[in-house]
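Positions are given from 1, in the same order as the sequence printed here.
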Amino acid sequence: MDTTLANLPADGCFAATVADVTYFGNMQNEIYLTGLSGAKPALPMTAAGLEDAAREQLSPEAFGYIAGSASTERTAESNLRAFDKHAIVPRMLRGTAAPDARDLSVEVLGTRLAAPILTAPVGVLGLVHDDAEVAVGSVTAELGIGSILSTAASSTIEDVAAASGENWWYQLYWPADDELAESFVRRAETAGAKAIVLTADTPGMGWRPRDLELGHLPFLQAKGIANYLSDPVFRAKLATPPEESAEALQIAVLTWVSLFGNHAVRIADIAKLRQWTTLPIAVKGIVHPDDAREAVAAGANGIVVSNHGGRQVDGSISALDALGPVADAVGHEVNILMDSGIRCGADVIKALALGADAVLYGRPWVYGLGLAGADGVRHALRSLLADLDLTMGLAGLASVAEIDSSILMSNS
């Protein structure tokens, strides 16, 4: 029997061609078809596998910064376990298994996405790869999903914007200087950001033992502060440009220390943020329904239910457990996104069923970046997208719009 690619049957599971990138699940076909020649994927196929590989390859400092969470890391663990409380109940014989029967696209905060996934705003990506945020922006633009650029980036807003296409948002850590905060926001809008994501849960950093044991805070080495060093408001605070000498750079770092974090920000300040931008505003780090209500009343257009991947408050409620009550409180008024704990396609479906319009995906693609640059990011994101696509079809779901709480049963 001739089993060359050209002679494979044009029906069944190989109906889609290898070039059919609009069908996310086709990644499975690509791997099996190339496997006929003995080729195997260069990177692990699971989030856990990517983490294990990154643990071996990255420096202890880089891996610890990405993988670490607050104190005992119970919150990070609970984010993962929370998904086990819910089970998908597949429906059969509904005509949804064919690739052209499924529609994963959504519109969130006015941004059209090919699937309900954005990369979470992870900072200091230069720790794991020199291409950093630029690589991430280019891959998400290629795939048609969204990306969120962190204030604490290794690359400037403008450099990342040039690679990120139409579907990127900007995440704001509000510094202890409103003029600087305004400058960040206006730079992002000018560069083409489609939304502003205000992170509310990080007025300062949580107790992170992995970093503490290594005595490692990258910002003190001038890593992850590119947006500060390139900002005219920040530079005006410096007597000497930071690039002129090691001493000038150290002074810039100490200036950053004095400005990062802001315990004075209140929900009412969303109105001030609204004066700085015409873009939709989402507030990230909300886990209490009352906070969500107040943020929406103050002018927020979206809520990101998140506990920062477990990096801030040890023993916090899991993000998934917080999602339903927050969605019930304000989901009819604004877009709801969920972050913290997504690791597979089924997780995305469960989050959407519990009230999210889209999810933010964090650590696994960062491990991919560290392992193989843009190729690693692409591998991690395509793996999640393929898993989501195929799981939807096998569960009898033709589109994201069909996903609601009726497809779940409780395991608790």
Side-chain angles (χ1 to χ4, degrees), residues 106-113 118-123 125 132-134 136-141 144-200 202 224-237 256 259-260 262 265-286 295-296 298-304 306 334-337 339 357-358 360:
V106 295
E107 184 171 309
V108 185
L109 295 182
T111 302
R112 193 71 184 173
L113 304 173
L118 303 95
T119 55
V122 181
L125 293 181
E133 295 81 10
V134 173
V136 181
S138 65
V139 171
T140 55
I145 59 173
S147 63
I148 306 177
L149 174 63
S150 173
T151 294
S154 300
S155 313
T156 66
I157 293 169
E158 292 76 16
D159 285 347
V160 178
S164 296
E166 299 295 320
N167 293 347
W168 70 279
W169 301 351
Y170 177 72
Q171 174 267 339
L172 176 67
Y173 284 127
W174 197 310
D177 182 297
D178 284 358
E179 186 182 4
L180 180 57
E182 180 179 358
S183 182
F184 286 154
V185 170
R186 292 192 182 279
R187 284 173 63 192
E189 182 166 1
T190 299
K194 293 300 184 290
I196 302 296
V197 180
L198 171 62
T199 292
T202 312
I225 62 172
N227 285 322
Y228 291 81
L229 298 181
S230 60
D231 193 273
V233 173
F234 182 84
R235 292 174 69 88
K237 299 177 184 296
W256 173 88
L259 292 171
F260 181 80
N262 190 342
V265 176
R266 297 291 184 268
I267 285 179
D269 289 318
I270 294 170
K272 184 183 298 183
L273 179 57
R274 170 52 62 214
Q275 295 174 0
W276 300 339
T277 182
T278 62
L279 297 175
I281 296 169
V283 181
K284 179 175 178 287
I286 299 296
V296 171
N301 308 105
I303 298 294
V304 183
S306 169
V334 299
N335 283 136
I336 304 294
L337 298 96
D339 165 79
D357 297 303
L360 277 53

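- Partners of N335 under the side chain to side chain contact (heavy atoms under 4.5 Å, CB included) rule, at least two apart in sequence or in another chain, are V108, L109, D357.
- Scanning for side chain to side chain donor-acceptor pair (under 3.5 Å) contacts around S155 gives E133, with sequence neighbours left out.
- With sequence neighbours excluded, no residue forms a side chain to side chain donor-acceptor pair (under 3.5 Å) with E179.
- Atom OG1 of T111 is separated from atom CD1 of I145 by 13.0 Å, given to the nearest 0.5 angstrom.
- A donor-acceptor pair is defined here as one N or O able to donate and one able to accept, closer than 3.5 Å; such a pair exists between the side chain of N167 and the backbone of R112.
- Looking at every heavy atom in both residues, I270 comes nearest to G299 through CG2-C, 4.1 Å.
- Partners of N227 by side chain to side chain donor-acceptor pair (under 3.5 Å), not counting sequence neighbours: none found.
- Rounded to the nearest 0.5 angstrom, L118 CG and W168 CH2 are separated by 13.0 Å.
- Heavy-atom minimum distance, T156 versus S230: CG2-OG, 3.6 Å.
- Q171 and P121 make their closest contact through CB-CB, 3.7 Å (heavy atoms, listed as atom of the first residue, atom of the second, distance).
- Shown here are the ring pair (Phe, Tyr, Trp, His ring centres under 6.0 Å) partners of F260, two or more places apart in sequence or in another chain: Y173, W256.
- Inter-residue side-chain proximity for V122 and V136 is flagged as unmet; no heavy-atom pair is nearer than 4.5 Å.
- Nearest heavy-atom pair across S147 and G137 is OG-CA, 4.4 Å.
- Heavy-atom minimum distance, V283 versus A300: CG2-CB, 3.8 Å.
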Trace of the side chain to side chain contact (heavy atoms under 4.5 Å, CB included) decision for L172 with L273: CA-CA 10 Å; L172 176 67; L273 179 57; 4.3 Å; yes
Intermediate values then yes/no, side chain to side chain contact (heavy atoms under 4.5 Å, CB included), I225 and F234: CA-CA 11 Å; I225 62 172; F234 182 84; 5.9 Å; no
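- Remark: I148 CD1 to S164 OG distance equals 12.0 Å, nearest 0.5 Å.
- The two residues I157 and A191 come nearest to each other via the heavy atoms CG2-CB, 3.9 Å.
- A distance of 13.0 Å separates CZ of R235 from CG of L180, quoted to the nearest 0.5 Å.
- Note: I286 CD1 to I303 CD1 = 5.5 Å, rounded to the nearest 0.5 Å.
- By the neighbour-count criterion of 12 heavy atoms within 6.0 Å, atom CD of E166 is sparsely surrounded, having that number or fewer from other residues, nucleotides or ligands.
- By the side chain to side chain contact (heavy atoms under 4.5 Å, CB included) test, A181 pairs with W174, P175, W276, sequence neighbours left out.
- Distance alone, capped at 3.5 Å, is enough to place a donor-acceptor pair between the R274 side chain and the L279 backbone.
- Note that OG1 of T277 is 12.0 Å distant from OH of Y170, once rounded to the nearest 0.5 Å.
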